[in-house]
Every structure is written in C-alpha cells, then in structure tokens.
2 protein chains.
Amino acid sequence: MADLSQSTGAGAGSLYNNFKGGKKELFRRSLLQRREDLNQFKELLERSEQPIELIKNFFLGIADEGEKSHKKGCIVANTIVEMTFVDEDLEKEAAQILKDTEALYTNTIISEQRKGNLQSAISADVLGKHLITLWCGINSSRRIYPDRNILHQQIELQLQILQ
Amino acid sequence: MADLSQSTGAGAGSLYNNFKGGKKELFRRSLLQRREDLNQFKELLERSEQPIELIKNFFLGIADEGEKSHKKGCIVANTIVEMTFVDEDLEKEAAQILKDTEALYTNTIISEQRKGNLQSAISADVLGKHLITLWCGINSSRRIYPDRNILHQQIELQLQILQ
DNA sequence: ATGTTATTGTAATGTTCGTTACAATAATGC
DNA sequence: GCATTATTGTAACGAACATTACAATAACAT
C-alpha cells in the first residue's frame, strides 16, 4: 500500500476512502483484471479462423516483451507461488483463473481436433495442462534469461508438442 | 524468524546467538543447502551408466511427492519469483543455482550425444534450458494440480523432447 | 569443585507497514 | 451562493515482526 501511495502520489487516506477493503481487496481486483483479459482472449479465439495459431502467437509474444516485463512476470502465476501458506483465498482465486484459462485452451484444442486441424495423438486435456505448465515455466525462466532469442526458442520448442 | 522460533521451540535469542547474520543469512544458507544437493546429484550422474535415465527419473519422482511437498515447491524456484524487486542478492543467488543445474544437464546431454545415446537433433543448450523451464513450470503447476497422475503425465510429455 | 564460557528464555526495542482519525480542501446539488 | 457531501493530505495508531539486551541456566575445562 505504501508503494502504491508513493507511485500514484495519492495519500494513504485517499486510497482507503476510495477503495474499501484495503490491501487484500486491491489484490483481488488486480487478479480480476486478468480474468477480464481472459474473457477478451476467449472472444478473440471464438472469432478466429486459426485459434491454435492465435494461442501459439500469444505465447511466442512473451519473448518480445522488455526486461522489466520479464522480471515482473504474470501476477496470476506469481500469486500461486507467493500466496501459498500466506493467503489461501488469493491462492485459490489465482489457481482458478489458470484453470479457467486451461479450460479455454482445452476446448479450443478439442474443437480444432474435431475439425481435423490438429493431428496430435495427445489428448486435449493433457495439451491444455501442458500450456499452463509452459506458462508457469516461462514465468520463472524469463527472469533467469530475460532474452528474446532464448525465450523464443524455448517457447517454440514446447509449442511443437501441440503439432 | 518468528515461525522458525515457533516450530523449533527455540527462543528468538537462541536463534540469533547461534546464527550470526539474521534472517537474510539464514535464507542464504537454506539456498546453499540446495547447492549441496546439486553437487551430490552431479556425482551421481558422473558415476551413472545411464545419466539421462537418472535425470528423467529425478523429474518423474516429483509426481510421487505428497501434497504438502507440492504446495511448498522448490525453494530455489520460489526465491526467483518471490525475491524479484525485493532482494536482488538472493534472487541472483537462486538464479545462479538454476544456471549451474542447467550446466550440469547440458554437459550430461553433450556427453551422451557424443556417445550416441541421444539422437535428438535439438542442441544440448536448448535441451538443458528446457529442463530448467520444466522444473519451474512444474514448481507452479504442482500447486494447482497436486495429483500424482496429472503431474506424471505432464512431466513425461515434456521429457519426450529429450527423446 | 570452581571459575569460565556458551546457551537459553523473556522482555524490550526498533522498524516496517497497513489502517484510521481528522482537519482542510474541493466538488456538487439546490 | 450556500449547504451538503465527497475527496485529499498529514499525522497518528496499531499490529506484525526482526533484532537485541540481559539475566538465568547449563556446559565445560582445569
């Protein structure tokens, strides 16, 4: 909260008067924001002719972000690591967002498999979870290697599993 | 420090008298412990006839751990996420341990490639980094799915890249 | 056994940080 | 234009927690 006060220039009083619920509610709202992003991506996927390509490009796009962005990582994935044994509510809420993201991936994969656009013998369920694990893996390794080429190579390698 | 005092039964004074450096030094020593584990694994790999199998079984073994263990995860991978923008020293120290682990994997892969035991066309460098990304990915996803079968399936899928 | 040194437990200290009280200021409705 | 209401900034409060002071106790050496 002190950091937020500092960076926005708003005094502590202002923050609390305009934001009932304090620190935890602010955290929850930040996570909610990512749920909005998920809903938007869902619509994008539904309209797309090549949704698998969209997902792949989404992942590959991570590599192009800046170093500051790599260091920050994804708030949802971070929360799962940081809130374990600290705040179960927030951990669960973050985990649920990733599970819903997984469901979106899985459903997209099933749909494309039916259309014959995906010939991988691996089940959609396993592939959906694989993308979440990839997301989480990159969320950490992008801090160790905040390098476009390395990340691009790593992401591409793991996307090959999708075929 | 309060948690440690609570769980060990030792008073705060006892902790500080026997452990110069306080909280941060304690953290550093905990990380150092994982470096010891790395050195032990290195020796195991050097003695092994099938080092790649050893690495694979090491990863697959994660799936068999208990739920508490899944929730805790790996202190090194956790530190990289949790110490970014909080303590650069500790973040760097953790990142270095993962980089050294990567080097061990990469060297093992190079050695096995030369022996003709690995026919993957992918470079050892990329494969080594892949294993680190896998480690980090599983470190998060094991909290979302603390389930033996799911984790085993995910790890096996990603180990196939090694051939 | 006895003097010395290490170890322990409790209480106190200091710091960080989330939160609230309150007076000052700005915005809004009639 | 004035009364009411909302918003701001500062300072104070309180909780959590890392650290230290110190007296009591145990361990050890000669």
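From a predicted model like this one, the values you see are computed outputs, not experimental measurements.
- Across all strands shown, A/G13 has heavy atoms under 4.0 Å from base atoms, whether or not it also approaches the sugar-phosphate.
- Counted by atom type alone, B/N39 and B/E43 present zero donor-acceptor pairs between their side chains at under 3.5 Å.
- Looking at the side chain of A/N17, the nearest of the listed nucleotides C/dG9, D/dA18, C/dC22 is C/dC22.
- If you measure from atom CG of B/L26 to atom P of D/dA18, you get 10 Å, rounded to the nearest angstrom.
- Closest to the side chain of A/M1, from the set C/dT8, C/dG18, D/dA18, is C/dG18.
- Between A/E102 and A/K129, at least one side-chain nitrogen of the basic residue sits less than 4.0 Å from a carboxylate oxygen of the acidic one, meeting the salt-bridge criterion.
- With hydrogens and angles ignored, the 3.5 Å screen pairs a side-chain donor or acceptor of A/Q154 with a backbone N or O of B/H130.
- In this structure, the side chain of A/R34 does not engage the main chain of A/S30 through any donor-acceptor pair within 3.5 Å.
- B/K23 places its NZ atom 20 Å from the P atom of C/dG14, with the value rounded to the nearest Å.
- For A/Y16, no side-chain nitrogen or oxygen approaches OP1 or OP2 of C/dT20 to under 4.0 Å.
- Between the NZ atom of A/K20 and the P atom of D/dA6 there is a distance of 11 Å, given to the nearest Å.
- Rounded to an integer number of Å, the gap from NZ of B/K24 to C1' of D/dC17 is 18 Å.
- What separates CG of A/L15 from C1' of C/dG18 is a distance of 11 Å, to the nearest Å.
- Atom CG in A/D3 sits roughly 7 Å away from atom P in C/dC17 (whole-Å rounding).
- Straight-line distance from the CG atom of B/N18 to the C1' atom of C/dT5: 13 Å, rounded to whole Å.
- Remark: P of D/dA6 and CZ of A/F19 are 19 Å apart, rounded to the nearest angstrom.
- B/S14 has a side-chain polar atom (N or O) that falls below the 4.0 Å cut-off from OP1 or OP2 of C/dG9.
- Looking at B/H70, its side chain does come within 3.5 Å of a backbone N or O of B/E65 through a donor-acceptor pair.
- Ranked by how close their nearest DNA chain D nucleotide is to the 5' end, B/A2 and A/A10 are led by A/A10.
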